[in-house]
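Worksheet for the structure shown next.
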Amino acid sequence: MHPSLRFSVAPMLDWTDRHCRYFHRLMSKNTLLYTEMVTTGAILHGKGDYLGYSEQEHPVALQLGGSEPKALAECAKRAEDLGYDEVNLNVGCPSDRVQNGRFGACLMAEPNLVAECVLEMQQQVSIPVTVKTRIGIDEQDSYPFLQDFIETVAATGCETFIIHARKAWLSGLSPKQNRDIPPLNYQRAYQVKQDYPQLNISVNGGITDLEQAETHLQHVDGVMVGREAYQNPYILAQVDQRIFDAPGEPLSRHQVVELMLPYIEQHLANGGRLQHISRHMLGLFQGCVGARAWRRHLSENAHKPGVGIELMHEALAKVPLAQPA
Ligand SMILES: Cc1cc2nc3c(=O)[nH]c(=O)nc-3n(C[C@H](O)[C@H](O)[C@H](O)COP(=O)(O)O)c2cc1C
């Protein structure tokens with residue numbers, strides 16, 4: 001298993017882009033970072049640079065969306081050639097757009113197809129091919145249903161599953177509702193680990209602090225944190241010491257901003273917009289005096305044409321260095 005599986009930041013469309021990952025990486029060297037889901041269609045036929053990332057982001061996993069074994073295998077190969085540390089298949093996204101393409105969570109109903117996809121990908125690459133799934137879809141939410149899915153896919157040699165511990169309703173709920181309304185059932189993920197101890201199981205969904213993460217780690221191999229890591233990113237600063245037993249001290253929030261400045265300057269020098277990066281940093285000071293002023297100064301100004309690095313300094317000056325205990 002990839003040692004970083006123990007703690008990861010979830011793939012999140014529009015959120016975990018390369019700038020976000022660079023920022024997260026400053027706070028934790030060990031956390032496994034996932035890209036946004038990238039579809040095979042975008043990679044094979046699109047014009048954008050969907051796979052670009054910075055060397056500093058390692059360990060970094062590419063999440064793919066698709067259900068065509070050959071296309072997935074070709075994308076996995078490209079990912080390996082580019083140096084990604086893992087390729088992950090999305091079997092959890094419930095959006096309509098994704099279902100029409102016959103991938104995402106609806107693939108839970110087609111374990112043989114998922115197995116075929118994973119096998120084809122594995123044959124192309126030597127980096128781990130992993131699967132992120134739900135615990136069920138629609139009325140198919142029994143443990144035997146999940147077991148059948150896991151067994152079928154694991155038979156290919158796939159060793160690592162990330163389980164978002166709630167089912168998805170494929171019609172009637174929006175993707176956002178599908179992240180909140182179906183109840184969490186961590187026991188299901190724990191049960192998978194008990195029944196298949198040889199597999200690496202990471203649990204995902206609703207984890208909001210490191211105490212919870214530590215509790216889950218008594219039952220499974222890894223935890224994946226999504227929204228909390230994005231909205232309150234400083235949670236990552238203690239991960240290396242607490243979850244990976246690494247030596248050293250967490251950076252302060254101010255230090256994190258300082259370390260972002262050269263990266264932001266480079267981005268601006270390349271013609272990029274400040275907002276592309278600062279938007280991921282809005283939650284950095286959550287819980288601190290000045291958090292609101294920081295957030296507001298950035299969100300009200302970062303989109304304006306021509307704003308430069310001084311905006312970051314101005315925003316930082318609004319947060320006192322010494323915080324009340
Ligand atoms: C804005 C947003 C975008 C997401 N995009 C993806 C995605 O591209 N691929 C995926 O597998 N899951 C995606 N998810 C789901 C998360 O990876 C995660 O499974 C879910 O948010 C539950 O974890 P959490 O409660 O820690 O946020 C997304 C979630 C959010 C909030």
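Everything numeric in this text was worked out from a predicted model, so none of it was measured. Counting convention: from 1, in listed order, for ligands and their atoms alike.
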* **Mutual orientation of the aromatic rings belonging to Y230 and H24 [parallel < 30°, tilted 30-60°, perpendicular > 60°]** => perpendicular
* **Pair H280, D17: side-chain N/O donor-acceptor within cut-off below 3.5 Å** => yes
* Gap separating the CG atom of N178 from the CG atom of L173, nearest 0.5 angstrom -> 4.5 Å
* Y84 ring center within less than 6.0 Å of Y53 ring center -> yes
* Structure fact -> Near ligand 1 (heavy atom, under 4.0 angstrom), the protein residues are A10, P11, M12, L13, W15, M37, Q63, N90, K132, H164, R179, N204, G205, G206, V225, G226, R227
* To do: Indicate yes or no: does R242 engage E211 in a salt bridge with an N to O separation below 4.0 Å.
  => yes
* Got a sec, which residues hit side chain to side chain donor-acceptor pair (under 3.5 Å) with R78, two or more places apart in sequence or on another chain? -> E74
